[in-house]
Trainee: 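I have a structure here, written as structure tokens, and I will follow up with some questions on it.
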Amino acid sequence: MPKPSDTLWDIAKAEVEKKENLEGNGVEVWEKSLLFMGNKNGGKTTIILRCLDRDEIPKPTLALEYTFGRRAKGHNRPKDIAHFWELGGGTSLLDLIRIPITNDNIRTFAIILVLDLSKPNELWPTMDSLLQATRNHVDKIITKLGKTNPKVATEIKQRTWNNMPKDHPDHELIDPFPIPLVIIGSKYDIFHFTSKSEALLLKARVLINHLAFGFDRSKSISVDQNKPLFIPAGLDSLNQIGPPPATDSDIGKLHAHTPVDLWKKIYEKTFPSKSTRDLKDVNDPAQDPQYAEYEVDAMRTQKNQDSHGQYPVPSSLLGMDKVLNLAHRA
């Protein structure tokens, strides 16, 4: 029985887990969670649908959407399950990151950051905002776990270094992301004027299926800047990347404290970034017709009426009724 404090996310997840446990016949079921984030209209939904073999026309993601996929590694084995979350709105809904990433699933969570290569001016600020917000939330969870379950917290921290060679030349400069992170540059076919989208989507699918279902990962690597890059964690270095395209005089004037900071300054000089305010989505997800539901919309209207003349209920909070309802419908 669901508890009164359970959200619709909790109820939906429990129903899926119950069904999977019944199918498992006592065999352990693999369960992972992935959060897709990135530029608006950057191709996140297309990648998810391709990974789940769904022949559907992608629809815009306005808030936080949930779906799941199942795969069996062999005959007479239970199907493993992967939870797919997608954050819409670019950088405008950072507070929703805390919903899918929790104390309970932090050890089985991965982030897929999809950056639109056709919008270079938005690329770096989008990456900065999303990764910083995610890292802040994850760090808080790990800090809390350190007080209640230090063994798990230590395991998470140690795991971030597992893919890094112990003799990596940049070992002292690296601060690994606390949970598995994949960065995908989407729309390369537009950026490079080629027709390689299918092959690139297949590579992305193989990598995501590895994170979601434990399938074998691709062992290929490509560091040729004239071709699509494919670089597994730990298999690159600052020396191989080389210095940013700038004169020594320009580099000296930038006063960068780290290599990443230097690259950021050079990049933003070439592609002046838009402010976070410019990247925010001003649309209210609760008003989107594709999520219209009579009962929810009627309750929202009632809330609007009840708040008249009193402290108004913020539109962002009212929209959460519709956002949370997506889990039940998924």
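Computed from heavy atoms alone, side chains included, the values below leave out hydrogens, waters and symmetry copies.
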Trainee: Can you sort out the partners of Leu49 under side chain to side chain contact (heavy atoms under 4.5 Å, CB included), two or more places apart, ordered by chain and number?
Mentor: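 Thr45, Arg54, Glu56, Pro58.
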Trainee: Identify the two heavy atoms, one from Leu64 and one from Pro100, that lie closest to each other, and give their separation to 0.1 Å.
Mentor: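 Looks like CD2-CD, 3.9 Å.
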Trainee: Do Met164 and Val182 sit in one hydrophobic cluster, given that two such residues count as connected whenever their side-chain heavy atoms are within less than 4.5 Å of each other, even indirectly?
Mentor: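 No, it is not one cluster - the side chains of Met164 and Val182 are not joined through contacts under 4.5 Å.
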Trainee: Hey, does Leu113 have a side-chain heavy atom less than 4.5 Å from the side chain of Ile184?
Mentor: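 They are not in side-chain contact.
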Trainee: By side chain to side chain contact (heavy atoms under 4.5 Å, CB included), which residues pair with Val152, not counting sequence neighbours?
Mentor: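 Scan of Val152 (side chain to side chain contact (heavy atoms under 4.5 Å, CB included), adjacent residues dropped) gives Arg107, Leu145, Asn149, Ile156.
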Trainee: Can you tell me how far OG1 of Thr126 sits from CG of Leu131, rounded to the nearest 0.5 angstrom?
Mentor: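 Spacing of CG (Leu131) from OG1 (Thr126) equals 10.0 Å.
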Trainee: Using a 3.5 Å distance criterion without hydrogens, assess whether the side chain of Asp80 forms a donor-acceptor pair with backbone atoms of Glu31.
Mentor: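 Pair absent, no side-chain N/O of Asp80 close to backbone of Glu31.
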Trainee: Which heavy atom of Ser220 sits nearest to which heavy atom of Lys203, and what is that distance?
Mentor: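 Looks like OG-NZ, 4.0 Å.
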Trainee: Hey, what do you get for CG (Leu211) to OG (Ser33), rounding to the nearest 0.5 Å?
Mentor: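 So the CG of Leu211 and the OG of Ser33 are separated by 11.5 Å.
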Trainee: Applying side-chain hydrogen bond (donor to acceptor under 3.5 Å, both in side chains), can you list everything that pairs with Thr148, at least two apart in sequence or on another chain?
Mentor: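 Scan of Thr148 (side-chain hydrogen bond (donor to acceptor under 3.5 Å, both in side chains), adjacent residues dropped) gives none.
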Trainee: Keeping Tyr267 on the side-chain end and Pro120 on the backbone end, is there a donor-acceptor pair under 3.5 Å?
Mentor: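 The answer is yes, because a donor-acceptor pair under 3.5 Å joins these two groups.
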Trainee: Which residues, ordered by chain and number, are linked to Leu262 in its hydrophobic cluster, where ILVMFWY side chains connect at heavy-atom gaps below 4.5 Å, directly or through other members?
Mentor: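 Taking Ile, Leu, Val, Met, Phe, Trp and Tyr as members, Leu262 shares its hydrophobic cluster with Ile251, Leu254, Ile266.
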Trainee: Do side-chain atoms of Lys44 reach the backbone of Asn39 as a donor and acceptor pair under 3.5 angstrom?
Mentor: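 Pair found, side chain donor or acceptor close to backbone of Asn39.
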Trainee: Check whether any side-chain heavy atom of Phe36 sits under 4.5 Å from a side-chain heavy atom of Ile48, and report yes or no.
Mentor: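 Yes, side chains in contact.
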Trainee: Do Leu87 and Leu130 make a side-chain contact, defined as non-hydrogen atoms from C-beta onward lying under 4.5 Å apart?
Mentor: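 In short, these two side chains touch, coming nearer than 4.5 Å.
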Trainee: Let me know which of Ile208, Leu201, Asn209 forms a side-chain contact (heavy atoms from CB on, under 4.5 Å) with Arg205.
Mentor: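 Exactly one pass, corresponding to Asn209.
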Trainee: Is any side-chain heavy atom of Asp116 closer than 4.5 Å to a side-chain heavy atom of Ser186?
Mentor: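 Heavy-atom side-chain distance check passes, below 4.5 Å.
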Trainee: Is any side-chain heavy atom of Phe215 less than 4.5 Å from a side-chain heavy atom of Val206?
Mentor: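 Contact flag for Phe215/Val206 side chains = no.
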Trainee: Atom CZ in Phe271, atom NZ in Lys119: separation rounded to 0.5 Å?
Mentor: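 Between Phe271 CZ and Lys119 NZ, I get 15.0 Å after rounding to 0.5 Å.
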Trainee: State yes or no: do Tyr188 and Phe230 share one hydrophobic cluster built from I, L, V, M, F, W and Y residues joined by side-chain heavy-atom distances below 4.5 Å, directly or via other members?
Mentor: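 No; tracing contacts between hydrophobic side chains, which count when under 4.5 Å, never links both residues.
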Trainee: List the atom pairs, donor and acceptor, that lie under 3.5 Å between side-chain atoms in residues 232-244 and the rest of the protein, sequence neighbours left out.
Mentor:
| residue | atom | partner | partner atom | Å |
| --- | --- | --- | --- | --- |
| Ser237 | OG | Gln240 | N | 3.2 |
| Ser237 | OG | Gln240 | OE1 | 3.3 |
| Gln240 | OE1 | Ser237 | N | 3.2 |

Trainee: Would you say that more than 12 heavy atoms from the other residues, nucleotides or ligands in this model lie under 6.0 Å from the CG of Asn162, or not?
Mentor: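 Counting other residues, nucleotides and ligands, CG of Asn162 exceeds 12 neighbours.
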Trainee: Kindly compute the distance separating CG (Leu181) from CZ (Phe109), expressed to the nearest 0.5 Å.
Mentor: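 One gets 12.0 Å once the value is rounded to the nearest 0.5 Å.
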Trainee: Drop me the distance from Lys32's NZ to Leu34's CG, to the nearest 0.5 angstrom.
Mentor: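 Atom-to-atom, Lys32:NZ and Leu34:CG are 9.5 Å apart.
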Trainee: Run Arg135 and Asp175 through salt bridge (Lys or Arg N to Asp or Glu O under 4.0 Å) and show every step you take.
Mentor: CA-CA 11 Å; Arg135 182 159 200 155; Asp175 183 16; 2.9 Å; yes
Trainee: Side-chain contact test, heavy atoms from C-beta onward, threshold under 4.5 Å: evaluate it for Thr67 versus His83 and give yes or no.
Mentor: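 Sidechains of His83 and Thr67: no contact.
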Trainee: Any side-chain heavy-atom pair from Ile231 and Ser222 closer than 4.5 angstrom?
Mentor: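 Sidechains of Ser222 and Ile231: no contact.
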Trainee: Go through it in stages, so that I can follow the logic: the residues are Lys157 and Asp139, the test is salt bridge (Lys or Arg N to Asp or Glu O under 4.0 Å), and I'd like the CA-CA distance, side-chain angles, deciding distance and then a yes or no.
Mentor: CA-CA 10 Å; Lys157 293 177 182 178; Asp139 284 344; over 6 Å; no
Trainee: Find the distance between OG1 (Thr154) and CD1 (Ile142) and round it off to the nearest 0.5 Å.
Mentor: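 Going from OG1 on Thr154 over to CD1 on Ile142, the span is 10.5 Å.
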Trainee: Looking only at heavy atoms, what is the nearest atom pair of Arg71 and Leu52, with distance?
Mentor: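 Minimum heavy-atom contact is NH2-CA, 3.6 Å.
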Trainee: Given a cutoff of under 4.5 Å between side-chain heavy atoms of I, L, V, M, F, W and Y, with clusters grown through shared members, what are the other residues clustered with Ile57?
Mentor: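 Taking Ile, Leu, Val, Met, Phe, Trp and Tyr as members, Ile57 stands alone, with no cluster partners.
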Trainee: Can you find a heavy atom in the side chain of Lys144 that is under 4.5 Å from one in the side chain of Ile106?
Mentor: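 Heavy-atom side-chain distance check fails, nothing below 4.5 Å.
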